[in-house]
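Side-chain atoms are counted along with the backbone in the values below, which use heavy atoms only and exclude waters and symmetry mates. In what follows, every chain begins at residue 1, and chains take the letters A, B, ... in the order their sequences are listed.
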Amino acid sequence: MDPIFLKPYDPKAHEDTIYKRWEESGFFNPDNLPPLKKRKKREPYSIVLPPPNVTGTLHMGHAAMLAIQDILIRFNRMRGKKTLWLPGVDHAAIATQSKVESDIYKKEKKTRHDLGREVFLKRVEEFAKESHDTIVNQIKKMGSSVDWSREAFTLDEVRTKAVYTAFKQMYEDGLIYRSARVCNWDPKGQTTVSDDETEREEREAMLYTFRYDKDFPIAISTTRPETKLGDTGVAVHPSDTRYAKYVGKTFDASFMGEKLSIKVVADKEVDMEFGTGAVGVTPAHSFTDWDIATRHDLPLKQVINEYAQMTAGNDSVKGKKVKVARNIIVEELRKAGLIEKEEKVMQSVLIAERTGGVIEPLPKLQWWIDTEKEFKLKHSRINGIKSGSTVTLKRLMKHVVEKGHISILPERFTKIYYHWIDNLRPWCISRQIWYGHRIPIWYHEPRCVPIPGREEEVSECEMTVLSETQPKCAHCNAIYIQDTDTLDTWFSSGLWTFSTLGWPEKTNDLKTYHPTDVLETGYDILFFWVARMILMSGYLLGDIPFRTVYLHGLVRDEKGRKMSKSLGNIIDPLDMIEKYGGDATRLSLIIGAAAGNDLRLSEEKIRGYKHFVNKLWNIARFILENYNEDALDARFNDTDQKFMDKEVQTAVERVTKNIESFRLDLAADEVYHFVWDKFAAVEIEFTKSALKNPGTKDWARKSAQRKLYDTLVVSLKLLHPFMPFVTETIWSYLPQKEKTLLMVEEWPA
RNA sequence: GGGCGCUUAGCUCAGUUGGUAGAGCAAUUCGUUUACACCGAAAAGGUCGGGGGUUCAAGUCCCUCAGCGCCCACCA
């Protein structure tokens, strides 16, 4: 026995060495896996790693994700699958840009505009590079058996090509279009954001009931009087008799120095019970009102700019921030005696989740994806949808889940998924930031000046061109200018399952590993990401991106609170690995964590599993201490033979079954108790007397030794997906004839 | 406003097709010439949130109430 076993297990002494040995073996890459003993062909099994954002470091949530996926991967690799786990990172456009912006501002008091697009982007790239290296190190520390040779980045060359190809196809199919409509404008981040990047916050607000001026026949209610400068209509319910006589008429009014022309319209969306039953319609600054205005053909009048300042009204409000303007207006209305009622109400305010800025709905020219437009799906491998059939993105997204081609675990999220699709509005994909994939559209402005005698050519000359590289006008030689916006980061993430495998090229990887088997991620990005992958894969490949979606919960602190810097309750995975080892950290994130349930984590829990790791170490020590080489040839005596067989068999069956059904928590718990309560507490204790007793016959001793050894081998295999480091370490000290790696050993059956 | 989840031992959670409750951690007592004190042994701890129903039998199925949490939503 190696003297190393005389001391308690020290993860730090082994983990990095073991990881290096795995890497050097090349077995993380499925192409290098050794042939199976029974000459069976390896079936592919693949997972793509949800790419962590290059915004900084990994947290416990990432650690949980890595642990879960590594268990699935190692389990399947041991079962003889051609197993690919493809890693990568996400450029995370807005998140990364705002992080770097604020860092630069703190240090140098400069904005991105001071630096300019090119210099600023260089700074972001430097930051992303650094972040990337940190993340890679952390992924390794967790023992993740990812194939580094296939590592991808959402912003690298291959992925950029994929983004361009996807954009082009959607643009040509008319699914991507440019249009001016009210969108979520974040005045703090100075960009639009999609509906999913906003959240609601309950706030107390004042609801004012007033008239634009004393001659206006109808009183309206609002919490935002300042937007009323942009009103072009008043809407009432069609069956509201109080206002029926006004419907269809237009009234002029003067409000805060602004001349208003208000048309009264009847719309069934209006709630007769609320306020006065009449709504001032502000098409430019409210989503609801935009819709009403569209239905009744009311004009659009913008009165607030990108900085949330008033652009209309008299000098007392013009140029003021909306909040300030609101107070001034209310004060004025009070003085004029126009306010009929003021009441406190609870209101949910839309917030940009990245910056915390209050969303200002503004009409802007943006790029959108239409999820309801019909198109022809050229090639389909989806059961129930024929190639060439007419579908919409929404229908495609729903179909694959409804028909069970994709199953979502836990199942309850399926309903949530449908609900999200049903309420999906056009997806705004353009962002007014610099970091990300620039929109591959070029504009020819001003338009060619007609050359006398050659006027016809000008009509051929396009103003808007889709191109990867800078085009030039064939007629006037003018250089086209590229759209300054970048794409929503989730556009490229949506392509992740196949862009990572080389799409749009028809690669072997794509053929072999797509659709992937499992998509494992947090339930908080079901809409952001999972749904978008289903959309993109369905549309571009006519296929599903994965067969199973496994959603894990959030990792919280021991009191159930979210881990956050401000609460100071963050448990850093690297600290825990340093103190208790990667194996203990992994176990603490698996046991007690069922799919979709949040997990409460405490340092104590991690320490508890460190004890288990050491227990296993000592089991190995005992067995190796009492072991002779020739025991391997021993014939079993009947008692030894039968003693543990049933227990081992049961453990193998249960662990296997539980991993297969994604109950990793139960599988880990099962093997934990098998090893501690059955193997250590019963078998070893029972065998001890035979080994220690000087009267024991030689063959009986050998038989006992052999049996213990065999049980240890099975235990190591069963434990390996959950605690790869210590099991591989012990494996390396076993007296094997050929030195092999446990990670590619065959799973017991 | 709509939808979903949770409520089981002090804490964190299991409990698969219904058959009078389990684990880890913590706490208690005892035990270190023993593979392991990062250990072992023992004992303790629950009217399974309340109420009602179905059933021979309910933590498990149904109804209802309460508390907590989450998601979605253009009532200004």
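For the C1' atom pair drawn from C75(B) and G5(B), the interatomic distance equals 27 Å after rounding to whole Å. Rounded to a whole angstrom, the distance from the P atom of C61(B) to that of U17(B) is 8 Å. Spacing between A35(B) and G40(B) at atom P, rounded to whole Å, works out to 13 Å. C6(B) and A14(B) have their P atoms separated by 9 Å, given to the nearest Å. One C1' atom belongs to G18(B), the other to G53(B), and the distance between them is 15 Å to the nearest Å. G51(B) and G45(B): their P atoms are spaced 23 Å apart (whole Å). A23(B) sits 28 Å from C62(B) when the P atoms are compared, rounded to a whole Å. For the C1' atoms, the distance linking U47(B) with U8(B) amounts to 12 Å, nearest Å.
Position along RNA chain B of the nearest nucleotide to A620(A) versus F287(A) favours A620(A) as the more 5'-ward residue. Projected onto RNA chain B by closest heavy-atom contact, Y9(A) and M272(A) fall at different nucleotides, the more 5' of which corresponds to Y9(A).
Looking at the side chain of N423(A), the nearest of the listed nucleotides C72(B), A35(B), A76(B) is C72(B). With distances taken from any side-chain atom of H419(A) to the nucleotides A23(B), C72(B), U16(B), the minimum falls on C72(B). Checking C74(B), C75(B), C38(B) against the side-chain heavy atoms of D291(A) singles out C74(B) as nearest. The side chain of Y609(A) has G24(B) as its nearest neighbour among A76(B), G24(B), C4(B). Nearest to the side-chain atoms of E625(A) among the listed nucleotides A14(B), C36(B), A35(B) stands A35(B). Closest to the side chain of R412(A), from the set U34(B), C39(B), C4(B), is C4(B). Looking at the side chain of Y672(A), the nearest of the listed nucleotides A76(B), C75(B), C25(B) is C25(B). Listed nucleotides: A76(B), C36(B), G15(B). Nearest to the side chain of R663(A): G15(B). Ranking A14(B), A76(B), C39(B) by closeness to the A594(A) side chain, first place goes to A14(B). Minimum atom distance to the side chain of T223(A) is reached by A76(B), of the listed A76(B), C39(B), U34(B).
Atom CZ of R621(A) and atom P of A35(B) are 8 Å apart (whole Å). One interatomic measurement links the two molecules: CG of L691(A) to P of A35(B), which rounds to 10 Å at whole-angstrom precision. When rounded to the nearest whole Å, the span between CZ of F527(A) and P of C70(B) equals 15 Å. Atom P of nucleotide C70(B) and atom CG of L526(A) are separated by 18 Å, given to the nearest angstrom. Straight-line distance from the CG atom of D267(A) to the P atom of C74(B): 16 Å, rounded to whole Å. Rounding to whole angstrom units, CZ of residue F612(A) and C1' of A23(B) are separated by 14 Å. Rounded to a whole Å, the CD atom of E201(A) is 13 Å from the P atom of C71(B). We find that CG of D524(A) is positioned 19 Å from P of G69(B), with the value rounded to whole Å.
Between the side chain of E685(A) and the base of A35(B) there is at least one donor-acceptor pair of N/O atoms closer than 3.5 Å. Residue side chain K415(A) does not reach the base of C4(B) through any donor-acceptor N/O pair under 3.5 Å, judged by distance alone. Not a single donor-acceptor contact under 3.5 angstrom links the side-chain atoms of K615(A) to the base of C38(B).
Ring geometry for Y212(A) against F216(A) counts as perpendicular: the plane angle is over 60°, on a 0 to 90° scale with 30° as the lower cut. Ring pair Y9(A)/H14(A) is parallel by interplanar angle, where below 30° counts as parallel and above 60° as perpendicular.
The phosphate of U12(B) (OP1 or OP2) has a side-chain N or O of R600(A) nearer than 4.0 angstrom. For G40(B), the OP1/OP2 oxygens have a side-chain nitrogen or oxygen of W676(A) closer than 4.0 Å. Between R200(A) and C70(B) there is no side-chain polar atom (N or O) within less than 4.0 angstrom of OP1 or OP2. Phosphate proximity of A14(B) to N597(A): present, with a side-chain N or O under 4.0 Å from OP1 or OP2. One finds no side-chain N or O of K605(A) lying less than 4.0 angstrom from the OP1 or OP2 phosphate oxygen of C25(B).
Base-pairing analysis of RNA chain B finds the following stems of at least three consecutive Watson-Crick or G-U pairs, with both pairing distances under 3.5 Å: B:1-7 with B:66-72, B:10-13 with B:22-25, B:28-31 with B:39-42, B:49-53 with B:61-65.
Ring pair Y523(A)/F413(A): centre-to-centre distance below 6.0 Å.
The residue from R354(A), R425(A), R532(A) that alone fulfils the salt bridge (Lys or Arg N to Asp or Glu O under 4.0 Å) condition with D196(A) is R532(A). When each of T192(A), D195(A), T198(A) is tested with N184(A) by the rule side chain to side chain donor-acceptor pair (under 3.5 Å), just one qualifies, namely D195(A).
Between K301(A) and E258(A), at least one side-chain N (NZ, or NE/NH1/NH2) sits under 4.0 Å from a carboxylate O, which counts as a salt bridge. Of the charged side-chain nitrogens involved, at least one lies within less than 4.0 Å of a carboxylate oxygen, so that E578(A) and K12(A) count as a salt-bridged pair.
At the heavy-atom level, T222(A) lies under 4.0 Å from the strands shown only through sugar-phosphate atoms. Within the nucleic acid shown, V281(A) has no heavy atom closer than 4.0 Å to any nucleic acid atom. Using a 4.0 Å heavy-atom criterion, one finds that L666(A) contacts the sugar-phosphate atoms exclusively. Contacts of A681(A) with the nucleic acid, taken as non-hydrogen atoms under 4.0 Å apart, are absent.
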Take T294(A) and W290(A) through the test side chain to side chain contact (heavy atoms under 4.5 Å, CB included) and record every step on the way to the result.
CA-CA 6 Å; T294(A) 311; W290(A) 166 272; 3.8 Å; yes

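Figure legend: R211(A) and F255(A) shown without cation-pi pairing, the cationic atom not lying both under 6.0 angstrom from the six-membered ring centre and within 45 degrees of its axis.
Residues N423(A) and H419(A) bring a donor and an acceptor atom of their side chains to less than 3.5 Å of each other. Using modelled atom types, one finds no donor on one side chain facing an acceptor on the other under 3.5 Å when comparing E269(A) with T288(A).
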